[in-house]
Amino acid sequence: MAGTPYIVDRGLVLRETETKETDKILTLLTWEQGKIAVIARGARRKNCKFAAAAQPLAYSEWTLYQRKDWHYASDASTLELFGGLRGDLPVLALGCYMAELTEAVCPEDVPAPELLRHLLNGLYALSALGKAPALVKPAFELKLLCLAGYEPLADACAVCGRENPEEPVLDAVQGVLRCRNCGEGGGRPLCPDSLAALRHIVYGDPKRLYAFRLGEAPLRRLTAASEAFLFAQLERGFSTLDFYKSLA
């Protein structure tokens, strides 16, 4: 295609939609273009040179060209397929949920390197580091919401200012921490361990995001608080989360 300006960018496939007989429409999250829709012609053919790169959760270097409002795939070379996910259906389901959640908070056509980095790190933690899915899930959710502008206030009770709230709860709607008896009631109950984990996720070093441990009961509280906060802030559900839960 003489005269066509090509774009070379690295990105992860968040979602695929099959169209026509052999084509796909891919939702890519790239470093420089942000979240974009890409038409991958022939991607469903067995002999397609970029078939591996065009599968969900594949991280690749893409050569693209643009016509009007659409990007088209010219070529791609895979960089990371996260093989550790693909042999374990529940872990793969969690990875797909993480991708869907990232897509939900990511704007169109705007570079979002922090969101892409967070997703890649989360998939790597599951695939290569063998981190427990039950721990990765709430940590990924909460940190993603922080990066997307929904950071909860977790340093002290929002009502009385107590640094270590008495019977702490996370108010999912207001996005604040408080004592159980402060405010109007409700909220998701935490404990000292789950509160410490919440603060580690929100305020800690992102490079050590998954470097914590929790017992079964504190992890259940953290997970419930994370999901409640996510649903309250985004006001929607996720089919991939429902599928993951059906497996877990």
Side-chain angles (χ1 to χ4, degrees), residues 1-89 91-129 136 140 144 147-148 206-207 238-240 243-244:
M1 300 177 64
T4 301
Y6 286 94
I7 301 167
V8 178
D9 202 352
R10 296 183 175 192
L12 184 101
V13 178
L14 299 177
R15 178 165 51 93
E16 67 172 9
T17 302
E18 295 184 352
T19 178
K20 296 185 178 179
E21 292 185 359
T22 61
D23 299 349
K24 290 182 180 181
I25 299 177
L26 306 176
T27 302
L28 292 183
L29 181 54
T30 70
W31 293 106
E32 296 180 11
Q33 313 301 313
K35 184 177 72 174
I36 56 175
V38 174
I39 296 177
R41 287 176 170 163
R44 293 162 61 194
R45 293 195 187 107
K46 291 183 179 179
N47 62 348
C48 176
K49 59 185 177 181
F50 53 77
Q55 60 184 313
L57 306 184
Y59 178 58
S60 308
E61 183 170 88
W62 287 87
T63 301
L64 311 170
Y65 62 93
Q66 190 169 1
R67 285 183 178 175
K68 296 183 179 179
D69 294 332
W70 285 95
H71 290 85
Y72 292 81
S74 174
D75 198 3
S77 57
T78 57
L79 301 172
E80 177 59 65
L81 294 178
F82 299 103
L85 301 176
R86 301 180 190 278
D88 187 320
L89 185 56
V91 177
L92 178 61
L94 177 56
C96 291
Y97 165 59
M98 291 158 62
E100 185 184 14
L101 183 55
T102 303
E103 182 182 356
V105 302
C106 190
E108 299 276 355
D109 302 316
V110 177
E114 287 188 332
L115 297 181
L116 177 53
R117 185 177 297 109
H118 179 57
L119 178 55
L120 290 172
N121 288 342
L123 296 176
Y124 182 79
L126 289 172
S127 177
L129 301 182
V136 170
F140 179 87
L144 182 73
L147 295 172
K207 294 180 180 179
F238 296 89
S239 59
T240 48
F243 181 61
Y244 169 68

For Glu80, give me all partners under side-chain hydrogen bond (donor to acceptor under 3.5 Å, both in side chains), at least two apart in sequence or on another chain. none

Rounded distance (nearest 0.5 Å) linking atom CG of Leu29 with atom CG of Leu116: 4.5 Å

For Phe140, the option from Asn121, Leu94, Leu126, Leu119 that meets side-chain contact (heavy atoms from CB on, under 4.5 Å): Leu119

Closest non-hydrogen atom pair, Val110 against Pro107: CB-CG, 4.0 Å

Here the gap from Met98 atom CE to His118 atom NE2, rounded to the nearest 0.5 Å, amounts to 6.5 Å

Is there side-chain contact between Tyr244 and Phe238, with at least one heavy-atom pair below 4.5 Å? no

All heavy atoms of Pro113 vs all of Trp31, minimum pair found to be O-CZ3, 3.5 Å

How many angstroms lie between atom CG of Leu101 and atom SG of Cys106, to the nearest 0.5 angstrom? 11.0 Å

Within the structure provided, determine whether Ile25 and Val38 are in side-chain contact (heavy-atom separation under 4.5 Å). no

Please check this pair: side chain of Asp9 against backbone of Glu32, looking for a donor-acceptor N/O pair closer than 3.5 Å. yes

Could you grab the distance from atom OG1 of Thr19 to atom CZ of Arg44, nearest 0.5 Å is fine? 8.0 Å

Check the angle between the aromatic planes of Tyr65 and Tyr6 and answer parallel, tilted or perpendicular using the 30° and 60° thresholds. perpendicular

In Å, rounded to the nearest 0.5 Å, how long is the span from CG of Leu28 to CG of Leu14? 7.5 Å

List the atom of Leu92, the atom of Leu85, and the distance in Å for their closest heavy-atom pair. CB-O, 3.4 Å

Taking Arg86 for the side chain and Leu81 for the main chain, is one N or O donor matched with an acceptor at less than 3.5 Å? yes

Which pair of non-hydrogen atoms, one from Ala76 and one from Ala53, has the smallest distance, and what is that distance? CB-CB, 3.6 Å

Roughly how far, to the nearest 0.5 Å, is the CD1 atom of Ile39 from the CH2 atom of Trp70? 5.0 Å

Less than 4.5 Å apart, any side-chain heavy atom of Ile7 and any of Thr30? no

Side chains of Asp109 and Ile36: closer than 4.5 Å at any heavy-atom pair? yes

Close side-chain approach of Tyr59 and Leu120, heavy atoms under 4.5 Å: yes

If you look at every heavy atom in Ala40 and Phe50, which pair is closest and at what distance? CB-CE1, 3.8 Å

On a heavy-atom basis, which atom in Glu103 and which in Lys35 lie closest, and how many Å separate them? O-NZ, 2.9 Å

So with a 6.0 Å cut-off around OH of Tyr72, is the heavy-atom count from everything else above 12? yes

Contacts of Glu100 meeting side-chain hydrogen bond (donor to acceptor under 3.5 Å, both in side chains) (sequence neighbours excluded), chain-then-number -> Arg236, Thr240

Is the backbone of Asp75 close enough, under 3.5 Å, to the side chain of Lys49 for a donor and an acceptor to pair up by distance? no

Treating Lys24 as the side-chain partner and Ala43 as the backbone partner, does any N or O pair qualify as donor plus acceptor under 3.5 Å? no

